[in-house]
Amino acid sequence: QVQLVESGGGSMQEGESLTLSCTASGPTYNYDTNSIAWFRQGPGKEREGVAVIYIGGAITSYADSVKGRFTISEDTNNNTVYLQMNSLKLEDTAMYYCAAGVSASNFWYRENMYKYWGQGTQVTVSS
C-alpha cells in the first residue's frame, strides 16, 4: 500500500513558477509501481495526464500542453516526486494529483494505469 500526499499548490500569476511535491509513505517504487505521474483537473474539464517519471528517473513524458515548461523529477532518498512548473498560464489552473502505478510508456496518461492516488493540491493562476 502506498499513500501519496501532494503539497506546494497555491495562487500564482501568469508567468510565475511553482513546484509541487508528491511524497509517498514508503518507497515510491515497489512491486506494484514503476511510475509516478502528475494529473490535473481544471474547472469543467476532465482529468488529464501532465507528466510521468519512471523508476530511476531516466524516462519521463509530458503532455504537449506543458512540454518545455514543466519538469518532473524524483528524490528517491526522500520518496518524493516533484513537478517544477515554469511560465504558468491561466489554463494551468487546476487541482493537481499525483498517482503511482504500473504504466506502459505509450499510455502513461491513462488514469486506469495508476493504483494509488493522492488527494490533490490546488494551483490557481491569475492574470
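Remember, it's a predicted structure, so these values are computed and weren't measured experimentally.
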Chemist: Could you list the cluster mates of Tyr82? Members are the ILVMFWY residues connected by side-chain heavy atoms closer than 4.5 Å, either directly or through other members.
Modeler: none
Chemist: Under the salt bridge (charged side-chain N to carboxylate O under 4.0 Å, His left out) rule, what pairs show up with a residue in residues 6-16, not counting sequence neighbours?
Modeler: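 Residue pairs passing salt bridge (charged side-chain N to carboxylate O under 4.0 Å, His left out), neighbours aside: none found.
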Chemist: Taking only residues two or more places apart in sequence, or in another chain, which ones meet Ser17 in a side-chain contact (heavy atoms from CB on, under 4.5 Å)?
Modeler: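 By the side-chain contact (heavy atoms from CB on, under 4.5 Å) rule, Ser17 matches Gln84, Asn86.
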Chemist: List the residues meeting side-chain hydrogen bond (donor to acceptor under 3.5 Å, both in side chains) with Ser73, not counting sequence neighbours, and say none if there are none.
Modeler: none
Chemist: Pairs in or reaching into residues 49-64: which pass salt bridge (charged side-chain N to carboxylate O under 4.0 Å, His left out), with residues at least two apart or in two chains?
Modeler: Asp64-Lys67
Chemist: For residues 114-127, which residue pairs qualify under salt bridge (charged side-chain N to carboxylate O under 4.0 Å, His left out), counting only residues two or more places apart or in two chains?
Modeler: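 Sorted pair list: Asp32-Lys115.
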Chemist: Output every pair passing salt bridge (charged side-chain N to carboxylate O under 4.0 Å, His left out) with a member in residues 117-127, not counting sequence neighbours, ordered by first then second residue.
Modeler: none
Chemist: With sequence neighbours left out, which residue pairs that include part of residues 33-127 fulfil the disulfide bond (SG atoms under 2.5 Å apart) condition?
Modeler: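 The answer is Cys22-Cys98.
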Chemist: So for atom CD, which belongs to Gln41, do other residues, nucleotides or ligands contribute more than 12 heavy atoms lying within a distance under 6.0 Å?
Modeler: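 More than 12 heavy atoms, drawn from other residues, nucleotides or ligands, come within 6.0 Å of this atom.
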Chemist: Hey, are Thr124 and Thr93 close enough side-chain-wise for a donor-acceptor pair under 3.5 Å?
Modeler: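 Short answer, no.
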Chemist: Who passes side-chain hydrogen bond (donor to acceptor under 3.5 Å, both in side chains) against Tyr97, sequence neighbours left out?
Modeler: none
Chemist: Mind jotting down which residue pairs meet the ring pair (Phe, Tyr, Trp, His ring centres under 6.0 Å) criterion with at least one end in residues 108-127? Sequence neighbours excluded, please.
Modeler: Phe39-Tyr114, Phe39-Trp117
Chemist: Among residues at least two apart in sequence or on other chains, which ones pass side-chain hydrogen bond (donor to acceptor under 3.5 Å, both in side chains) with Glu111?
Modeler: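 Counting only residues at least two positions away or on another chain, Glu111 forms a side-chain hydrogen bond (donor to acceptor under 3.5 Å, both in side chains) with Arg47.
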Chemist: Ser126: what forms a side-chain hydrogen bond (donor to acceptor under 3.5 Å, both in side chains) with it, not counting sequence neighbours?
Modeler: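 Per chain and number, Ser126 pairs via side-chain hydrogen bond (donor to acceptor under 3.5 Å, both in side chains) with no residue.
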Chemist: Measure from the side-chain N and O atoms of Ser65 to the backbone N and O of Ala63, and report whether any donor-acceptor pair falls under 3.5 Å.
Modeler: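 No.
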